[in-house]
Amino acid sequence: NYATIAKMLYQSYLARDFYYRCVVETKATNDEVSTYYSQHKNECEAQSFAYLMLEYAADDGEESDAKSLEAVKKDAEKYIAEISKEKTVDEKKAKLKSLISTACVDLVNEYMDYYDKTEEEAVEEITDNFSEASLTADDTTFTEEGLDWLFSEDVKAGDMTTVVDSDKSIVYVVLKTGESKLLDDPVYSVRHILITPEDDGESTTDEDGNTVYSDAAWQSAKNQAETLLKEYNAGDKTEYSFACLAERNSTDTYSIPSGGQGNFGGYYGGTGHGEMVEEFENWATDSARRYGDVDIVKTKFGYHIMFFIENTQQYLYKCSQAVIVEKCQEVID
């Protein structure tokens, strides 16, 4: 009945809130990160490759114009032999891409129908977006067989193979295009509370359709941000208290659970340079920044109350998050 459902939802909310608090307050030490990295190096390296996707008829009882698996495998071997005639990796990659229009006819036709493109446009977009990739060893979008081959020490740049993905009914023609590379790009993590100006009836719209808020609306947003910052500073000034303040006040739904992304407390973690607006990023990547620094930053989106967590490298961030997940799982268990 209603009382039972209400109790279930209440307990679920408390459990979720406790878990989020556990995640926020759990940290990974340098030693823990180093140990995790030493045991999961492949997961911290990206392997680049080029590929063709050849569709075959799935064995699901449905009629299809696609070729059988065995026929597509023979086609794949033919394409490998053709590409392998080229001498350098770049020449092989160029040859592979030139075969998309003939080797991936089914994919091209599907792309034309779905996106209402010409054949030339479809081939161009598939070549640009679906002919090269870079994956880590723990990626779940590619087959285990394919990942094992890509990360094998016996496989060198320029080597080729076929990989069958039975779940997607696709045979991949795979060309390894380089050696694995450590995920060492700089990344940063912050929390923020976004206060967007409200339309007070005096706002206008620019030529791109963006709202241009009045000076009074901007001033009101600034006053609200300053009030929230005072509220934070008057409390225990912890990351968790900041996260709770973001939950209640931020207009950036992407970084709180209501946005459906699974983020909590205004969190942007492992953010690559160039992903956010300039003022936001400049504050976050300042070399003088230290954990717990808090300030107000203005961007075109509004006033951001910022909480700094760290500047690091992508692989170190990935390892630290894995350690935190393991620690939180121990609490759950």
Side-chain angles (χ1 to χ4, degrees), residues 16-34 36-37 184-196 221-257 259 261-299 301-328 331:
R16 190 200 71 167
D17 187 65
F18 178 79
Y19 176 75
Y20 280 136
R21 180 165 190 157
C22 179
V23 171
V24 172
E25 296 182 342
T26 300
K27 303 299 179 186
T29 67
N30 290 337
D31 287 343
E32 289 169 335
V33 170
S34 295
Y36 187 91
Y37 170 66
D184 58 357
D185 290 339
V187 296
Y188 60 88
S189 299
V190 296
R191 294 186 185 276
H192 85 133
I193 304 169
L194 175 61
I195 306 301
T196 303
K222 182 180 181 182
N223 293 342
Q224 187 180 349
E226 290 174 343
T227 298
L228 287 173
L229 182 56
K230 288 179 181 178
E231 181 180 344
Y232 169 76
N233 286 327
D236 60 12
K237 299 173 69 172
T238 63
E239 184 179 344
Y240 180 68
S241 66
F242 186 95
C244 290
L245 205 60
E247 286 294 299
R248 296 193 296 270
N249 298 280
S250 184
T251 56
D252 176 19
T253 55
Y254 182 90
S255 59
I256 56 178
Q261 306 299 321
N263 296 326
F264 172 79
Y267 184 65
Y268 279 91
T271 307
H273 292 201
E275 294 183 21
M276 306 297 281
V277 289
E278 184 178 2
E279 300 90 344
F280 187 105
E281 183 168 295
N282 286 346
W283 186 90
T285 57
D286 190 328
S287 60
R289 205 62 62 218
R290 296 292 180 267
Y291 175 79
D293 285 355
V294 177
D295 206 348
I296 295 176
V297 174
K298 182 183 179 182
T299 73
F301 298 109
Y303 285 94
H304 307 253
I305 309 171
M306 308 286 292
F307 182 101
F308 180 75
I309 300 175
E310 68 173 348
N311 272 313
T312 186
Q313 291 172 288
Q314 188 178 356
Y315 79 99
L316 293 174
Y317 171 78
K318 184 173 183 177
C319 290
S320 68
Q321 292 303 298
V323 171
I324 289 171
V325 169
E326 288 180 354
K327 286 185 171 183
C328 290
V331 174

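Atom set for the values below is all heavy atoms of this structure, side chains included, hydrogens, waters and symmetry mates excluded. In this chain, residues are counted from 1 in sequence order.
The structure places NE2 of His273 at 10.0 Å from CG of Asn282, a figure rounded to the nearest 0.5 Å. Considering CG of Asn249 and SG of Cys244, their distance stands at 11.0 Å, rounded to 0.5 Å. Residue Tyr36 holds its OH atom at 11.0 Å from CD of Gln321, rounded to the nearest 0.5 Å. To the nearest 0.5 angstrom, Arg290 atom CZ is 9.5 Å from Asn311 atom CG. One distance of note links CD of Gln224 with OG1 of Thr196; it measures 9.5 Å at 0.5 Å rounding. Expressed to the nearest 0.5 Å, how far CZ of Phe18 lies from SG of Cys22 amounts to 6.0 Å.
Contact record, Leu194 with His304: CD1-CE1, 3.5 Å, taken as the closest heavy-atom pair. Contact between Ile324 and Ala28 at its shortest, heavy atoms only, is CG1-N, 4.2 Å. Taking each heavy atom of His192 and Ser255 in turn, the nearest pair found is NE2-OG, 3.8 Å. Of all non-hydrogen atoms in Gly266 and Ala246, the two that sit nearest each other are N-CB, 3.9 Å. Heavy-atom minimum distance, Cys328 versus Tyr19: CB-CE1, 4.0 Å.
For Tyr315, the ring pair (Phe, Tyr, Trp, His ring centres under 6.0 Å) test picks out Tyr37, with sequence neighbours left out. In terms of the salt bridge (Lys or Arg N to Asp or Glu O under 4.0 Å) criterion, Asp17 has no residue partners (sequence neighbours excluded). Residues meeting the salt bridge (Lys or Arg N to Asp or Glu O under 4.0 Å) test with Asp295, sequence neighbours left out: none. Applying the salt bridge (Lys or Arg N to Asp or Glu O under 4.0 Å) criterion to Arg248, with sequence neighbours excluded, gives Glu231. Residues meeting the salt bridge (Lys or Arg N to Asp or Glu O under 4.0 Å) test with Asp293, sequence neighbours left out: Arg289. For Thr238, the side chain to side chain donor-acceptor pair (under 3.5 Å) criterion is met by Asp236, Ser241, not counting sequence neighbours. With sequence neighbours excluded, the residues that form a side-chain contact (heavy atoms from CB on, under 4.5 Å) with Asp31 are Thr29. Under the rule for a side-chain contact (heavy atoms from CB on, under 4.5 Å), the partners of Ala225 that lie at least two apart in sequence or sit in another chain are Ile195, Ile296, Tyr303, Ile305. Remark: Val190 engages Tyr188, Tyr268, Phe280, Trp283, Ala284, Met306, Phe308 in a side-chain contact (heavy atoms from CB on, under 4.5 Å) (not counting sequence neighbours). With sequence neighbours left out, the ring pair (Phe, Tyr, Trp, His ring centres under 6.0 Å) criterion links Phe307 to Phe242, Tyr291. Every residue was checked against the ring pair (Phe, Tyr, Trp, His ring centres under 6.0 Å) condition with Phe301, not counting sequence neighbours, and none meets it.
Using a distance-only test at 3.5 Å, with no hydrogens or angles considered, no donor-acceptor pair links the side chain of Ser320 to the main chain of Val33.
Counting non-hydrogen atoms of neighbouring residues, nucleotides and ligands closer than 6.0 angstrom, the CG atom of Asn30 reaches no more than 12 such neighbours. With a 6.0 Å radius and a threshold of 12 heavy atoms from other residues, nucleotides or ligands, Lys237 has its NZ atom at or below the threshold.
Contact check for Met276 versus Thr299: no side-chain heavy atoms found under the 4.5 Å cut-off. Counting heavy atoms from C-beta outward, Lys327 and Glu32 have side chains that approach closer than 4.5 Å. The shortest side-chain heavy-atom distance between Ile256 and Asp252 does not fall under the 4.5 Å cut-off. In this structure the side chain of Ser189 reaches within 4.5 angstrom of the side chain of Tyr267, judged on heavy atoms.
Ion pair Glu310/Lys27 not flagged as a salt bridge, since none of the NZ, NE, NH1 or NH2 atoms sits closer than 4.0 Å to an Asp/Glu carboxylate oxygen.
Among pairs with a residue in residues 268-284, none fulfils salt bridge (charged side-chain N to carboxylate O under 4.0 Å, His left out), at least two apart in sequence or across chains.
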